[in-house]
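Notes follow once the structure below has been shown.
The sequence lines fix the lettering, A, B, ..., with proteins before strands; numbering per chain opens at 1.
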Protein chains: 2
Amino acid sequence: MVSEIPGGHASVRKLLMSTLDDLSNGERKVARALMAQYPTAGLTTVVDLAEISGVSPPTVVRFVTRLGFTGFPAFQRALVHELNGELGSPLKQYPEKGGPSALGILPETHQAFAEMLLASYSELPESEFKKAVKLLCDPARDIRVTGGRFSRSVADYLVAHLRLLRSGVHGVGADDEIDRRTTVADAGPGTVLVIYDYRRYTDQNLVFAERMAARGAVVCLMTDNWLSPIAKVAKVVLPARVDSASPFDSLVASMAVTESIVAGVAERLGTAGIARLELVEEAVE
Amino acid sequence: MVSEIPGGHASVRKLLMSTLDDLSNGERKVARALMAQYPTAGLTTVVDLAEISGVSPPTVVRFVTRLGFTGFPAFQRALVHELNGELGSPLKQYPEKGGPSALGILPETHQAFAEMLLASYSELPESEFKKAVKLLCDPARDIRVTGGRFSRSVADYLVAHLRLLRSGVHGVGADDEIDRRTTVADAGPGTVLVIYDYRRYTDQNLVFAERMAARGAVVCLMTDNWLSPIAKVAKVVLPARVDSASPFDSLVASMAVTESIVAGVAERLGTAGIARLELVEEAVE
DNA sequence: TAGGTTGAGTAACTTTTGTTACAGAGTCCC
DNA sequence: GGGACTCTGTAACAAAAGTTACTCAACCTA
């Protein structure tokens with residue numbers, strides 16, 4: 001049995017990508033649903049796929065015929081056949097990396113991110129990482145988190161997660177001077193300040209960190225590898241790359257390191273953290 | 001929909017192994033054929049599987065009922081369901097490998113991020129990406145951005161960047177019902193709603209998106225690849241992987257795609273965007 | 001060796017699935 | 001603002017798939 005994929009494409013996925021523009025609105029929904037749960041969404045029935053996609057069965061049929069198949073069964077056979085060849089390593093299906101750039105922003109940025117992550121993680125000292133995790137796990141300490149104009153997003157993200165795992169975690173506004181002053185006033189040796197500070201560094205952040213340190217707070221600095229001046233007063237420094245091709249710096253690596261920290265905290269807290277997590281989740285619903 | 005595997009087995013394959021002895025001669029042939037071409041042989045029809053196994057269709061049916069399934073369709077659903085788990089996320093394989101982090105969290109998460117990015121970018125249709133960029137560059141349109149509990153951070157991040165590149169960009173609070181209602185009231189065909197919605201999906205977000213769409217707004221959805229129900233009303237959908245070893249999902253890929261979009265917008269706006277950027281930067285200092 | 005029991009295939013049946021025809025809704029263009 | 005066109009869903013239809021009843025063959029037991 002030889003199942004042919006229309007248009008001479010190597011895989012149904014490729015065919016899907018290249019046909020996406022020629023599809024009608026509803027048909028595109030089917031394509032998306034299929035790509036989202038590839039290829040299992042296509043291995044059930046027309047009705048099921050229609051339901052997942054949010055369209056009617058005939059639209060699904062029209063979709064597969066538009067792709068060039070003679071009908072849904074033929075389409076399914078092609079899918080199964082493809083699965084036969086490439087099962088085991090789904091990554092095999094992913095496109096081979098072409099030449100450098102020249103192929104649009106998407107592959108270009110992806111490559112940049114991958115390299116950035118690699119560089120960031122190899123430059124991230126494990127000892128610093130562990131220190132940070134340990135600090136954030138200590139129930140006796142209060143955690144305060146803040147950031148700059150862009151990095152506040154990542155700071156908020158860290159707060160949102162840590163709050164689920166432990167108590168005493170609060171974000172501090174970036175522009176809210178009152179908030180910062182009261183935070184300094186309340187700070188002591190039991191306080192941990194996590195501060196995100198990437199170039200270009202602001203005096204605002206430096207002053208805040210210095211004041212916190214002066215009151216005995218432990219400063220944990222998230223910065224790029226040009227190292228913010230705050231490093232001078234920081235106990236722990238976690239550098240991450242921010243290089244980018246676009247006019248803006250990238251905080252993807254920062255975000256990644258942040259998530260690693262959350263993962264580290266979750267693991268270290270173990271069942272206690274999970275228990276709290278489930279407790280909070282229940283309360284939400 | 002929850003497909004149950006009879007006998008409390010973890011996978012159909014395991015069930016197969018342990019039942020092999022209790023099968024009749026012909027039934028065992030079917031089991032052999034199935035294991036030889038697992039699981040694709042079971043994804044076709046009863047007749048096909050019978051042919052491959054060298055038995056008659058009823059024997060195949062008897063085989064699956066002996067396994068404990070109520071019928072062939074139920075058996076097939078279990079296979080597909082299982083496939084979803086293994087194939088759907090390549091990352092799921094790692095955490096269970098060497099028990100509790102043989103190599104530490106750092107390299108582990110890094111690897112996970114790298115693979116997640118690869119998967120996300122190869123599953124991201126360029127046409128959808130371009131549509132999104134085009135929408136966000138249109139000066140005649142108003143941009144509204146919102147997100148969920150965690151994804152609001154990424155949403156804020158997008159707003160922070162877009163605001164530097166163009167006018168008419170505003171974030172919409174995630175919990176602020178008043179804000180959402182007024183946003184709906186002000187919306188029209190000239191409005192673009194960028195909504196971040198990752199599992200677990202909230203009704204809040206769905207309702208909001210539907211109302212916006214009903215008023216003619218163009219919905220651009222950022223979601224994971226289980227596809228939020230919002231996809232039904234969305235004009236553009238940009239999926240990103242969120243699989244993670246930690247108890248939380250990861251938004252690193254979402255962040256990366258967001259930055260790609262910012263880069264795309266910056267490039268498309270060209271000198272106009274840069275000019276505005278510099279103007280704003282000057283004003284800040 | 002004869003009778004009983006178990007297992008497998010043929011064929012008819014029933015259900016489910018894919019397909020097609022048709023009509024209404026929305027959209028674009030003049 | 002009207003008309004043509006495209007698109008989508010409802011509903012009826014046809015095809016196919018899965019299931020079951022029945023019969024024959026093989027094997028074990030007495």
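- The ring pair (Phe, Tyr, Trp, His ring centres under 6.0 Å) search around B/F72 returns B/F75, not counting sequence neighbours.
- A salt bridge between B/R180 and B/E177 is absent, with no side-chain N of the basic residue lying under 4.0 Å from a carboxylate O of the acidic one.
- Residues satisfying the salt bridge (Lys or Arg N to Asp or Glu O under 4.0 Å) test with B/D138, not counting sequence neighbours, are B/R141.
- Rounded to whole Å, the distance from CD on B/E51 to P on C/dT10 is 12 Å.
- Applying the side-chain hydrogen bond (donor to acceptor under 3.5 Å, both in side chains) definition to pairs two or more places apart or across chains, none involves residues 165-175 of chain B.
- With sequence neighbours left out, B/E259 forms a salt bridge (Lys or Arg N to Asp or Glu O under 4.0 Å) with no residue at all.
- A/S250 places a side-chain N or O within 3.5 Å of a backbone atom of A/V252 that can act as its donor or acceptor partner.
- Note: CG (B/N25) to C1' (D/dA25) measures 14 Å, nearest angstrom.
- End-to-end axis angle of the helix from C/dT1-D/dA30 to C/dC30-D/dG1, from C1' rotation axes over five pairs per end: 20° (rounded to 10 degrees).
- The phosphate of C/dG7 has neither OP1 nor OP2 within less than 4.0 Å of any side-chain N or O from B/T59.
- The distance between atom CD of B/E27 and atom C1' of C/dG7, rounded to the nearest whole Å, is 9 Å.
- The distance from atom CG of B/D48 to atom C1' of D/dG18 is 13 Å, rounded to the nearest whole Å.
- Under the rule for a ring pair (Phe, Tyr, Trp, His ring centres under 6.0 Å), the partners of B/Y121 that lie at least two apart in sequence or sit in another chain are A/H110.
- Per the geometry, CG belonging to A/L23 stands 16 Å off P belonging to D/dT6, to the nearest Å.
- Here D/dG9 presents its C1' atom at 12 Å from NZ of A/K29, a figure rounded to the nearest Å.
- Between B/S24 and C/dA8 there is a side-chain polar atom (N or O) within less than 4.0 angstrom of OP1 or OP2.
- Regarding B/L49, its CG atom lies at a distance of 14 Å from the C1' atom of D/dA17, rounded to whole Å.
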In residues 206-221 of chain B, what donor-acceptor pairs under 3.5 Å come from side-chain atoms, sequence neighbours left out?
residue : atom : partner : partner atom : Å
B/R215  : NE   : B/V184  : O            : 2.9
B/R215  : NE   : B/A187  : O            : 3.2
B/R215  : NH2  : B/A185  : O            : 3.4

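- Residues passing the ring pair (Phe, Tyr, Trp, His ring centres under 6.0 Å) test with B/Y157, sequence neighbours excluded: B/H161.
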Contact string for nucleotides 17-30 of chain C, one letter per nucleotide 5' to 3', B = base within protein heavy-atom range under 4.0 Å, S = sugar-phosphate only, - = neither, reads SSSB----------
